[in-house]
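Worth knowing before you read on, the calculation uses all heavy atoms, side chains too, and leaves out hydrogens, waters and symmetry mates.
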Amino acid sequence: MLLERLVHHYLFDIDGSLFFSDELNREGYNYALCKFGYKAISCTGRLTRSVVKRCYPRMSAYDLDRIVETKQDYFTANIRSIQEDEMLLNLLRIIGPRQSALWTAGARTRIEEMLKAFSLEGAFSQRFYSLKQDIPADVDRICAVLQCRKEHLAVFENDAGVARRLSNYGVLCFSVIPRK
């Protein structure tokens with residue numbers, strides 16, 4: 001197969017790609033907000049620390065940290081309720097750890113909990129954590145560690161902006177679209 005000859009390493013995003021965790025993430029934030037006397041936030045996208053800060057601009061850093069910590073605890077306690085992308089997980093298993101790496105903007109502790117909960121601790125040869133804001137720098141760093149060229153990467157990514165920037169930089173990218 002042509003793809004096998006060209007691609008040396010597959011990079012998998014986790015949030016919104018291998019797992020669809022947005023719903024649990026929203027539930028966790030809203031649980032924490034209500035627990036500390038704030039109203040829940042209604043949104044369809046990913047609820048993040050910055051969204052909470054935007055919705056509650058007067059919230060203290062201390063309260064925000066407590067809310068994030070409580071959200072993380074809720075997330076971890078309910079982690080098995082996350083919807084998996086079975087097809088992509090099967091592909092990860094077929095490819096194997098030698099050619100697979102994780103590349104995520106997720107919080108390291110939460111990601112490690114997800115990997116542990118779904119028995120994926122050994123599924124990747126490398127784990128790369130970055131905000132994915134400087135795609136050329138990230139790709140160059142990943143290629144240096146994996147000892148390959150960007151043309152030898154294939155990335156599974158759900159963020160359309162990241163996927164577009166990867167493609168513009170010459171990296172093969174497969175957009176992952178969550179099932180509704």
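- With Lys132 as reference, Asp13 is the one residue of Asp13, Asp15, Asp159 to meet the salt bridge (charged side-chain N to carboxylate O under 4.0 Å, His left out) rule.
- Surrounding CD of Glu112 are more than 12 heavy atoms belonging to other residues, nucleotides or ligands, all under 6.0 Å away.
- Remark: side-chain polar atoms of Arg127 are not paired, donor with acceptor, to backbone N or O of Ala101 under 3.5 angstrom.
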(request) Please assess Lys71 against Asn25 for the test side-chain hydrogen bond (donor to acceptor under 3.5 Å, both in side chains), listing each intermediate value before the final yes or no. (result) CA-CA 7 Å; Lys71 185 277 297 191; Asn25 196 63; 2.9 Å; yes

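- Sorted by first and then second residue, the side-chain hydrogen bond (donor to acceptor under 3.5 Å, both in side chains) pairs with a member in residues 135-146 read Ser130-Asp138, Asp140-Tyr169; sequence neighbours excluded.
- Ring-centre distance between Tyr74 and Tyr29: not below the 6.0 Å cut-off.
- No donor-acceptor pair closer than 3.5 Å links the side chain of Ser100 to the backbone N or O of Phe124.
- The line from CD of Gln147 to CD1 of Ile142 is 14.5 Å long, rounded to the nearest 0.5 Å.
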(request) Step by step, work out the side chain to side chain contact (heavy atoms under 4.5 Å, CB included) result for Arg80 and Phe118. (result) CA-CA 8 Å; Arg80 293 297 298 171; Phe118 291 93; 3.0 Å; yes

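- Applying ring-ring contact (aromatic ring centres under 6.0 Å, His included) to Phe156 and the options Trp103, Phe19, Phe12 leaves one that passes, Phe12.
- Summarising the local packing, CD of Glu121 is surrounded by more than 12 heavy atoms from other residues, nucleotides or ligands at distances under 6.0 Å.
- Cation-pi check for Lys35 over Tyr31 is not met; the charged atom does not lie both under 6.0 angstrom from the ring centroid and within 45 degrees of its normal.
- Remark: Met114 CE to Leu102 CG distance equals 9.5 Å, nearest 0.5 Å.
- With Ser81 contributing its side chain and Asn78 its backbone, the two residues share a donor-acceptor pair below 3.5 Å.
- Here CG of Leu115 is found 10.5 Å from CZ of Arg110. Values are rounded to the nearest 0.5 Å.
- For Thr48 (side chain) and Val51 (main-chain N/O), a donor-acceptor pair under 3.5 Å exists by modelled atom type.
- If you run side-chain contact (heavy atoms from CB on, under 4.5 Å) between Leu153 and each of Leu166, Val7, Leu6, Val139, only Val139 comes through.
- Val176 is connected to Ile111 through a chain of hydrophobic side-chain contacts under 4.5 Å among Ile, Leu, Val, Met, Phe, Trp and Tyr, so both are in one cluster.
- For the pair Arg26 (side chain) and Thr44 (backbone), a donor-acceptor distance under 3.5 Å is present.
- Using a 4.5 Å heavy-atom threshold, the side chains of Gln99 and Ser125 count as separate.
- The local environment of NZ in Lys116 is sparse, with at most 12 non-hydrogen atoms from other residues, nucleotides or ligands closer than 6.0 Å.
- No side-chain heavy atom of Arg165 sits less than 4.5 Å from a side-chain heavy atom of Pro136.
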Please list every donor-acceptor pair under 3.5 Å in which a side-chain atom of residues 59-68 meets a protein atom from a residue at least two apart or in another chain.
unit_1: Ser60; atom_1: OG; unit_2: Asp63; atom_2: N; d: 3.0
unit_1: Asp63; atom_1: OD2; unit_2: Tyr38; atom_2: OH; d: 2.9
unit_1: Asp65; atom_1: OD1; unit_2: Arg49; atom_2: NH1; d: 3.1

